[in-house]
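Taking it in order: structure first as C-alpha coordinates, then the write-up.
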Amino acid sequence: MKALIPAAGHGTRFAPWTKLIPKEMLPIGARPAIALIVDEAIEAGADEVVIITSPEKPLLKKWFELNPPKAPVVWVDQLEQYGLGHAVLQAAEHFGAESDPVLILLGDALVSGGNASSAMMEISKANGGASVIGCEEVPRERVSRYGIMRSSSEIAEAFFKLADIVEKPAVEDAPSNLAVAGRYLLDPAVFRYLKDQTAGVGGEIQLTDAIRRMLAEKTVFGYIYPGHRHDIGNPNGYLKALEAMNENG
Ligand code: G1P
(Lines give C-alpha, C1' and ligand atoms only; values in the text may rest on other atoms or scores of the structure.)
Protein backbone atom coordinates (compact mmCIF):
# COMPACT_ATOMS: atom_id res chain seq x y z
CA MET A 1 0.00 0.00 0.00
CA LYS A 2 1.22 3.47 -0.87
CA ALA A 3 0.41 6.68 0.93
CA LEU A 4 -0.06 10.13 -0.53
CA ILE A 5 0.36 13.33 1.47
CA PRO A 6 -0.72 16.59 -0.17
CA ALA A 7 1.48 19.28 1.39
CA ALA A 8 1.82 22.00 -1.23
CA GLY A 9 -0.60 24.63 0.14
CA HIS A 10 0.50 28.21 0.78
CA GLY A 11 -0.66 28.18 4.41
CA THR A 12 -2.50 31.49 4.07
CA ARG A 13 -4.45 30.99 7.32
CA PHE A 14 -1.16 30.94 9.24
CA ALA A 15 0.53 33.87 7.48
CA PRO A 16 2.90 35.61 7.79
CA TRP A 17 4.60 32.78 9.70
CA THR A 18 4.10 30.42 6.76
CA LYS A 19 5.98 32.75 4.42
CA LEU A 20 9.09 31.48 6.23
CA ILE A 21 8.13 28.09 7.66
CA PRO A 22 5.66 25.73 5.92
CA LYS A 23 2.78 24.72 8.19
CA GLU A 24 3.81 21.05 7.81
CA MET A 25 7.17 21.97 9.39
CA LEU A 26 5.69 23.42 12.59
CA PRO A 27 7.25 21.62 15.56
CA ILE A 28 5.26 19.09 17.54
CA GLY A 29 7.81 18.40 20.26
CA ALA A 30 11.15 17.67 18.61
CA ARG A 31 9.76 16.85 15.17
CA PRO A 32 7.74 18.63 12.49
CA ALA A 33 4.07 17.75 11.99
CA ILE A 34 4.79 16.13 8.60
CA ALA A 35 7.10 13.56 10.27
CA LEU A 36 4.26 12.45 12.55
CA ILE A 37 1.93 12.11 9.58
CA VAL A 38 4.51 10.03 7.68
CA ASP A 39 4.85 7.81 10.79
CA GLU A 40 1.09 7.33 10.88
CA ALA A 41 1.11 6.21 7.23
CA ILE A 42 4.01 3.77 7.70
CA GLU A 43 2.50 2.31 10.89
CA ALA A 44 -0.71 1.75 8.94
CA GLY A 45 1.23 -0.32 6.38
CA ALA A 46 2.41 2.14 3.73
CA ASP A 47 5.59 0.89 2.06
CA GLU A 48 6.11 4.10 0.09
CA VAL A 49 5.07 7.66 0.86
CA VAL A 50 4.48 10.13 -1.96
CA ILE A 51 4.55 13.75 -0.76
CA ILE A 52 3.16 16.48 -2.98
CA THR A 53 4.86 19.74 -2.24
CA SER A 54 5.97 22.91 -3.96
CA PRO A 55 9.43 24.19 -4.91
CA GLU A 56 8.81 27.08 -2.49
CA LYS A 57 8.92 24.65 0.43
CA PRO A 58 12.39 23.00 0.30
CA LEU A 59 12.44 22.46 4.09
CA LEU A 60 10.21 19.38 3.85
CA LYS A 61 12.67 17.53 1.62
CA LYS A 62 15.58 18.76 3.71
CA TRP A 63 14.04 17.33 6.89
CA PHE A 64 13.70 13.84 5.41
CA GLU A 65 17.19 13.97 3.90
CA LEU A 66 18.55 14.57 7.39
CA ASN A 67 16.04 12.28 9.15
CA PRO A 68 15.05 9.38 6.85
CA PRO A 69 11.80 7.50 7.73
CA LYS A 70 11.30 3.71 7.60
CA ALA A 71 9.91 3.76 4.04
CA PRO A 72 11.04 5.52 0.87
CA VAL A 73 9.66 9.00 0.24
CA VAL A 74 8.90 10.10 -3.33
CA TRP A 75 8.55 13.81 -4.03
CA VAL A 76 6.13 15.35 -6.50
CA ASP A 77 6.09 19.09 -7.15
CA GLN A 78 2.78 20.84 -7.64
CA LEU A 79 3.76 23.87 -9.70
CA GLU A 80 0.31 25.45 -9.93
CA GLN A 81 -2.43 25.16 -7.33
CA TYR A 82 -5.98 24.48 -8.40
CA GLY A 83 -7.27 22.70 -5.31
CA LEU A 84 -6.92 19.42 -3.39
CA GLY A 85 -8.14 17.28 -6.28
CA HIS A 86 -5.59 18.89 -8.57
CA ALA A 87 -2.84 18.26 -5.99
CA VAL A 88 -3.74 14.57 -5.68
CA LEU A 89 -3.86 14.22 -9.48
CA GLN A 90 -0.21 15.33 -9.73
CA ALA A 91 0.81 11.99 -8.20
CA ALA A 92 -1.37 9.82 -10.47
CA GLU A 93 1.55 8.20 -12.29
CA HIS A 94 2.76 6.66 -9.01
CA PHE A 95 -0.48 4.75 -8.49
CA GLY A 96 -1.29 1.97 -10.95
CA ALA A 97 -4.93 1.29 -11.79
CA GLU A 98 -4.69 -2.26 -10.39
CA SER A 99 -3.08 -1.36 -7.09
CA ASP A 100 -4.39 -1.38 -3.52
CA PRO A 101 -6.44 1.48 -2.11
CA VAL A 102 -4.47 4.71 -1.84
CA LEU A 103 -4.07 6.13 1.66
CA ILE A 104 -4.36 9.92 1.53
CA LEU A 105 -3.39 11.93 4.60
CA LEU A 106 -3.81 15.70 4.47
CA GLY A 107 -0.54 17.31 5.51
CA ASP A 108 -2.19 19.86 7.77
CA ALA A 109 -4.40 17.38 9.64
CA LEU A 110 -2.81 15.81 12.72
CA VAL A 111 -4.69 13.12 14.60
CA SER A 112 -4.07 12.65 18.34
CA GLY A 113 -5.18 9.74 20.49
CA GLY A 114 -4.91 6.93 17.94
CA ASN A 115 -3.77 6.01 14.45
CA ALA A 116 -6.69 6.96 12.20
CA SER A 117 -5.10 5.38 9.11
CA SER A 118 -4.57 1.99 10.81
CA ALA A 119 -8.17 1.96 12.01
CA MET A 120 -9.38 2.75 8.49
CA MET A 121 -7.17 0.02 7.02
CA GLU A 122 -8.79 -2.53 9.33
CA ILE A 123 -12.25 -1.41 8.26
CA SER A 124 -11.29 -1.58 4.58
CA LYS A 125 -9.74 -5.06 4.91
CA ALA A 126 -12.85 -6.33 6.67
CA ASN A 127 -14.92 -5.05 3.72
CA GLY A 128 -13.09 -6.51 0.73
CA GLY A 129 -10.62 -3.64 0.35
CA ALA A 130 -13.36 -1.04 -0.20
CA SER A 131 -12.76 2.70 0.00
CA VAL A 132 -13.13 4.29 3.43
CA ILE A 133 -13.32 8.01 4.19
CA GLY A 134 -12.38 9.14 7.68
CA CYS A 135 -14.96 11.46 9.13
CA GLU A 136 -16.10 13.32 12.22
CA GLU A 137 -19.28 14.99 13.37
CA VAL A 138 -19.05 18.78 13.24
CA PRO A 139 -21.43 21.41 14.62
CA ARG A 140 -24.14 22.12 12.07
CA GLU A 141 -23.10 25.77 11.65
CA ARG A 142 -19.62 24.71 10.47
CA VAL A 143 -20.58 22.27 7.71
CA SER A 144 -19.74 24.80 4.98
CA ARG A 145 -16.01 24.36 5.75
CA TYR A 146 -15.94 20.64 4.98
CA GLY A 147 -16.77 17.83 2.63
CA ILE A 148 -20.10 16.53 4.00
CA MET A 149 -21.47 13.00 3.58
CA ARG A 150 -24.89 11.42 3.41
CA SER A 151 -25.10 7.86 4.66
CA SER A 152 -27.32 5.32 2.92
CA SER A 153 -27.23 2.82 5.73
CA GLU A 154 -25.89 2.73 9.23
CA ILE A 155 -23.88 -0.48 9.69
CA ALA A 156 -22.43 0.22 13.09
CA GLU A 157 -22.40 3.31 15.25
CA ALA A 158 -19.39 4.88 13.56
CA PHE A 159 -19.52 3.12 10.20
CA PHE A 160 -21.87 3.67 7.27
CA LYS A 161 -22.18 3.29 3.51
CA LEU A 162 -21.97 6.56 1.59
CA ALA A 163 -24.92 7.63 -0.54
CA ASP A 164 -23.55 11.06 -1.40
CA ILE A 165 -20.81 13.54 -0.60
CA VAL A 166 -20.70 17.27 -1.25
CA GLU A 167 -17.91 19.81 -0.79
CA LYS A 168 -18.57 22.80 1.46
CA PRO A 169 -22.38 22.89 1.26
CA ALA A 170 -24.43 25.77 2.63
CA VAL A 171 -25.83 24.93 6.08
CA GLU A 172 -29.36 24.63 4.67
CA ASP A 173 -28.25 22.22 1.90
CA ALA A 174 -25.97 19.98 3.98
CA PRO A 175 -27.08 16.33 3.94
CA SER A 176 -25.72 15.75 7.49
CA ASN A 177 -23.05 16.97 9.89
CA LEU A 178 -20.65 14.11 9.00
CA ALA A 179 -17.49 15.82 7.72
CA VAL A 180 -14.48 14.51 5.82
CA ALA A 181 -11.67 14.57 8.40
CA GLY A 182 -8.32 14.61 6.64
CA ARG A 183 -7.90 10.87 5.93
CA TYR A 184 -9.02 8.81 2.93
CA LEU A 185 -8.44 5.26 1.77
CA LEU A 186 -9.52 5.39 -1.85
CA ASP A 187 -9.83 2.99 -4.73
CA PRO A 188 -7.24 4.11 -7.34
CA ALA A 189 -10.16 4.54 -9.78
CA VAL A 190 -10.42 7.99 -8.20
CA PHE A 191 -7.51 9.12 -10.41
CA ARG A 192 -9.61 8.39 -13.50
CA TYR A 193 -12.32 10.69 -12.21
CA LEU A 194 -9.83 13.38 -11.22
CA LYS A 195 -8.38 13.49 -14.74
CA ASP A 196 -11.52 15.06 -16.20
CA GLN A 197 -12.88 16.64 -13.03
CA THR A 198 -14.13 20.19 -13.63
CA ALA A 199 -13.73 22.97 -11.08
CA GLY A 200 -16.24 23.06 -8.22
CA VAL A 201 -16.60 25.13 -5.05
CA GLY A 202 -14.15 28.04 -4.95
CA GLY A 203 -13.21 27.45 -8.59
CA GLU A 204 -11.01 24.54 -7.42
CA ILE A 205 -10.71 20.93 -8.59
CA GLN A 206 -12.21 19.17 -5.57
CA LEU A 207 -11.27 15.64 -4.50
CA THR A 208 -14.78 15.42 -3.04
CA ASP A 209 -16.35 15.92 -6.50
CA ALA A 210 -14.29 13.08 -7.99
CA ILE A 211 -15.28 10.79 -5.09
CA ARG A 212 -18.92 11.76 -5.66
CA ARG A 213 -18.74 10.60 -9.28
CA MET A 214 -16.88 7.44 -8.25
CA LEU A 215 -19.83 6.48 -6.01
CA ALA A 216 -21.71 5.35 -9.13
CA GLU A 217 -19.05 2.68 -9.68
CA LYS A 218 -17.54 1.85 -6.28
CA THR A 219 -18.77 1.28 -2.76
CA VAL A 220 -17.38 3.84 -0.34
CA PHE A 221 -17.76 3.73 3.43
CA GLY A 222 -17.62 6.55 5.93
CA TYR A 223 -16.01 5.85 9.27
CA ILE A 224 -15.71 8.02 12.37
CA TYR A 225 -12.17 7.03 13.31
CA PRO A 226 -10.94 7.00 16.91
CA GLY A 227 -8.89 10.04 17.98
CA HIS A 228 -9.16 13.74 17.28
CA ARG A 229 -8.21 15.68 14.17
CA HIS A 230 -6.39 18.97 14.60
CA ASP A 231 -6.15 21.50 11.78
CA ILE A 232 -2.62 22.84 12.12
CA GLY A 233 -3.22 25.23 9.22
CA ASN A 234 -4.30 27.94 11.64
CA PRO A 235 -2.70 29.17 14.91
CA ASN A 236 -5.54 28.05 17.16
CA GLY A 237 -5.70 24.53 15.70
CA TYR A 238 -1.93 24.25 16.02
CA LEU A 239 -2.05 25.19 19.72
CA LYS A 240 -4.77 22.61 20.32
CA ALA A 241 -2.68 19.98 18.52
CA LEU A 242 0.27 20.74 20.79
CA GLU A 243 -1.88 20.42 23.90
CA ALA A 244 -3.43 17.15 22.75
CA MET A 245 -0.13 15.61 21.63
CA ASN A 246 1.35 16.56 24.98
CA GLU A 247 -1.46 14.83 26.84
CA ASN A 248 -1.90 11.61 24.90
CA GLY A 249 0.57 11.42 22.00
C1 G1P B 1 -10.33 19.73 2.66
C2 G1P B 1 -11.38 18.90 1.92
C3 G1P B 1 -12.66 18.80 2.75
C4 G1P B 1 -12.33 18.27 4.13
C5 G1P B 1 -11.25 19.13 4.81
C6 G1P B 1 -10.81 18.57 6.16
O7 G1P B 1 -10.80 21.06 2.72
O8 G1P B 1 -11.64 19.48 0.66
O9 G1P B 1 -13.58 17.95 2.11
O10 G1P B 1 -13.50 18.21 4.94
O11 G1P B 1 -10.09 19.23 3.96
O12 G1P B 1 -10.30 17.30 6.02
P13 G1P B 1 -9.82 22.31 3.06
O14 G1P B 1 -9.64 22.30 4.55
O15 G1P B 1 -8.55 22.09 2.32
O16 G1P B 1 -10.57 23.52 2.60
Side-chain angles (χ1 to χ4, degrees), residues 3-15 18 22-24 26 33-34 36-37 40-41 52-54 57 78 81-90 102-112 116-117 119-120 131-151 162 164-171 173-186 190 193-194 197-215 220-225 227-238 240-241:
L4 175 51
I5 305 180
H10 294 307
T12 46
R13 291 173 300 144
F14 215 138
T18 40
K23 56 187 172 180
E24 299 84 3
L26 290 167
I34 186 89
L36 275 63
I37 294 175
E40 177 186 328
I52 301 164
T53 186
S54 101
K57 296 164 80 166
Q78 185 186 15
Q81 299 197 4
Y82 298 118
L84 177 59
H86 178 254
V88 169
L89 183 59
Q90 305 311 300
V102 181
L103 173 63
I104 301 178
L105 308 91
L106 301 193
D108 59 5
L110 262 188
V111 178
S112 63
S117 300
M120 289 165 58
S131 300
V132 178
I133 300 180
C135 63
E136 66 190 23
E137 292 190 80
V138 297
R140 197 83 200 176
E141 64 273 15
R142 291 166 70 99
V143 289
S144 61
R145 300 173 184 211
Y146 298 97
I148 300 290
M149 310 177 204
R150 181 158 65 83
S151 92
L162 235 73
D164 200 4
I165 184 166
V166 52
E167 182 68 13
K168 300 190 172 72
V171 174
D173 301 332
S176 76
N177 67 337
L178 291 164
V180 176
R183 299 290 183 271
Y184 311 74
L185 198 51
L186 295 178
V190 74
Y193 291 94
L194 280 173
Q197 183 59 53
T198 52
V201 166
E204 297 189 334
I205 310 282
Q206 299 289 353
L207 179 58
T208 298
D209 293 344
I211 296 170
R212 183 180 212 197
R213 288 164 61 226
M214 187 171 79
L215 284 176
V220 180
F221 294 100
Y223 173 53
I224 303 177
Y225 56 69
H228 284 101
R229 177 189 62 97
H230 305 280
D231 177 3
I232 58 158
N234 70 80
N236 194 38
Y238 171 59
K240 289 203 173 123

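On a predicted model such as this, the values are computed, not experimentally measured, just so you know. Worth knowing before you read on, the calculation uses all heavy atoms, side chains too, and leaves out hydrogens, waters and symmetry mates. All ligand and atom numbering here is 1-based and tracks the order in the structure.
Using a 30° and 60° split on the angle between ring planes, H86 and Y82 fall in the perpendicular class, above 60°.
Taking a 6.0 Å sphere around NZ of K168, one finds it holds more than 12 heavy atoms contributed by other residues, nucleotides or ligands.
S54 and Q78 are not linked by any side-chain donor-acceptor pair at a separation below 3.5 angstrom, with hydrogens and angles left out of the test. Using modelled atom types, one finds no donor on one side chain facing an acceptor on the other under 3.5 Å when comparing R212 with Q206.
For atom 15 (O) of ligand 1, the closest non-hydrogen atom on the protein side is K168 NZ, 4.7 Å. Nearest non-hydrogen protein atom to atom 12 (O) of ligand 1 is G182 N, 2.9 Å. The nearest protein atom to atom 9 (O) of ligand 1, hydrogens excluded, is given as E167 OE1, 2.7 Å; this is a heavy-atom distance. Protein heavy atom closest to atom 6 (C) of ligand 1, with residue, atom name and distance, is V180 O, 3.4 Å.
Closest approach of M120 and Y223 over heavy atoms only: CG-CD2, 3.8 Å. Smallest separation of non-hydrogen atoms from I37 and A109: CD1-O, 3.5 Å.
Distances below 4.0 Å separate heavy atoms of A181 from the following atoms of ligand 1: 12 (O). Set against the non-hydrogen atoms of T208, the atoms of ligand 1 under 4.0 Å away are 9 (O).
Remark: distances from the non-hydrogen atoms of L106 to ligand 1 include one below 4.0 Å.
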